[in-house]
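This report refers to the structure that appears directly beneath it.
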Number of protein chains: 2
Amino acid sequence: MSTSEVPQRSDAQRNRERILEVALAELSRSADVPLSAIAKKAGVGQGTFYRNFPNREALVLEVHRQEVRQLADSAAELARTREPDRALREWMDDLARYATAKAGLADALRQATAATGGAAKPGSHLLLAAIELLLNANHEAGTIRPGVTADDFFLAIAGVWQLDPRGDWQPRAARLFDLVMRGLRAGAPGHE
Amino acid sequence: MSTSEVPQRSDAQRNRERILEVALAELSRSADVPLSAIAKKAGVGQGTFYRNFPNREALVLEVHRQEVRQLADSAAELARTREPDRALREWMDDLARYATAKAGLADALRQATAATGGAAKPGSHLLLAAIELLLNANHEAGTIRPGVTADDFFLAIAGVWQLDPRGDWQPRAARLFDLVMRGLRAGAPGHE
DNA sequence: ACCTGAACACCGTTCAAGT
DNA sequence: ACCTGAACACCGTTCAAGT
């Protein structure tokens with residue numbers, strides 16, 4: 001989709017990039033920065049902002065899409081270069097870092113998708129596919145029980161979105177992941 | 001606090017109750033109903049609304065407090081009347097029903113508390129204490145491993161807030177709870 | 001003591017005018 | 001083709017005037 005667009009004028013392209021850059025930084029901090037503040041920091045007028053993103057939701061979804069892609073890439077990379085169980089744990093740690101560093105973005109996404117009644121989150125398919133790589137490697141290695149879907153797993157670690165970025169979230173995250181891993185290992189061939 | 005207030009004029013009291021009633025219904029549906037719509041449906045002017053709740057956050061927190069109290073009561077009741085493991089599971093089902101029936105409220109709460117940088121959610125202490133009753137009963141019965149705190153447990157089932165109220169959430173919730181229970185049982189004295 | 005609704009501020013979104 | 005900023009609509013919050 002967005003890769004097959006007509007080439008833009010270079011100044012227009014730079015405007016779009018600057019908006020996204022500023023939006024990522026601002027939304028990570030807080031879900032309710034005014035769009036006018038983002039436009040101003042990016043050095044563009046309101047009109048230019050709305051030319052690129054027709055509304056708040058479109059902006060949030062695009063920022064989210066980029067971030068999710070990185071998480072997916074990271075999962076694929078870990079699945080390729082680490083032992084299965086180590087890969088899974090490291091990716092969970094990545095996710096916890098992401099969820100706490102960009103808590104505002106998660107809120108913004110929830111608001112944006114809730115408003116329209118449920119615009120599918122872009123890239124979630126990509127992310128689930130990458131998680132599946134991690135899970136499959138573990139299934140094959142016998143480190144976790146079969147029959148656990150990427151969706152199951154993602155739901156089980158959803159607690160990361162609840163962690164308080166300003167607090168001492170690391171030990172809470174660690175305890176969550178330990179509990180989930182225990183649940184995944186229970187009944188695995190290479191276990192018990 | 002709010003129980004030791006000066007008695008209100010009865011019409012004022014009824015106004016407050018009506019506002020809360022309408023707010024619960026509206027916020028359950030969607031987190032971003034205008035406060036003016038709530039005031040209108042409750043049949044009061046803006047001023048009366050703001051006399052009772054100085055801002056959006058105050059309203060959301062109060063509605064949330066009432067709902068959380070019910071969830072806590074339900075946990076205590078189940079802990080008293082059911083076998084430990086059965087009680088825990090039924091309460092999780094309650095929670096899933098709550099989270100899907102009142103999804104908007106959960107969003108509203110997140111927005112309200114995020115806005116002020118982190119107003120403590122009222123009643124969460126109450127809720128965690130009630131969860132502890134459920135967990136302790138299970139620890140004593142040997143149905144789950146010791147060393148799991150109410151906080152751990154609540155984080156592990158946080159996926160309920162991710163369930164789509166318009167979709168087929170029951171099976172997803174069931175799979176989540178099964179996975180969490182497996183994690184809790186692993187290493188329990190009465191197991192393995 | 002409590003109520004109402006008009007008034008004000010702020011943010012999302014649009015659009016006329018410019019290059 | 002793209003940009004700017006003023007203008008408009010809507011919602012949160014306040015407040016003067018009423019009972």
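Labels below follow one simple rule: chain letters A, B, ... track the order of the sequence lines, proteins then strands, and each chain is numbered from 1.
Nucleotide D/dA9 is matched to nothing when pairs are restricted to Watson-Crick or G-U wobble geometry with both distances under 3.5 angstrom. With a cut-off of 3.5 Å on both Watson-Crick or G-U wobble distances, the partner of D/dT19 is given as C/dA1.
In this structure, A/Asp32 and A/Gly47 both approach DNA chain C, and ranking their closest nucleotides by distance from the 5' end singles out A/Asp32.
The distance between atom CD of B/Glu26 and atom C1' of D/dC11, rounded to the nearest whole Å, is 15 Å. Remark: P of D/dC2 and CZ of A/Arg16 are 12 Å apart, rounded to the nearest angstrom. In this structure, A/Phe53 atom CZ and C/dT14 atom C1' are separated by 18 Å, rounded to whole Å. The distance between atom CZ of A/Phe49 and atom P of D/dA6, rounded to the nearest whole Å, is 18 Å. Rounded to an integer number of Å, the gap from CZ of B/Arg14 to C1' of C/dC2 is 13 Å.
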Exercise for the section: Take B/Phe153 and B/Ile157 through the side chain to side chain contact (heavy atoms under 4.5 Å, CB included) test and state the conclusion after the steps. Expected result: CA-CA 6 Å; B/Phe153 176 71; B/Ile157 57 176; 3.6 Å; yes
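Ranking C/dC2, C/dC11, D/dG12 by closeness to the A/Pro34 side chain, first place goes to C/dC11. Out of C/dC2, D/dG12, D/dC3, the shortest distance to the side chain of A/Thr48 is found at D/dC3. Relative to the side chain of B/Arg51, the nucleotides D/dC2, C/dC3, D/dT4 differ in distance, and C/dC3 lies closest.
The side chain of B/Tyr50 places no N or O atom within less than 4.0 Å of a non-bridging phosphate oxygen (OP1 or OP2) of D/dT14. Taking only side-chain nitrogens and oxygens, A/Asn15 comes nearer than 4.0 Å to OP1 or OP2 of D/dC3.
Here A/Arg56 lies in heavy-atom contact (under 4.0 Å) with sugar-phosphate atoms only.
Within the 4.5 Å cutoff, no side-chain heavy atoms of A/Arg175 are placed close to those of A/Arg172. A 4.5 Å side-chain heavy-atom check between B/Val160 and B/Phe177 finds at least one atom pair inside the cut-off.
Under the 3.5 Å distance criterion, with hydrogens and angles disregarded, no donor-acceptor pair is assigned to the side chains of A/Thr48 and A/Asn15.
In the hydrophobic clustering of this structure, B/Phe154 does not group with B/Leu133; members are Ile, Leu, Val, Met, Phe, Trp, Tyr whose side-chain heavy atoms approach within less than 4.5 Å, directly or through other members.
A donor-acceptor contact under 3.5 angstrom links the side-chain atoms of A/Gln46 to the base of C/dT13.
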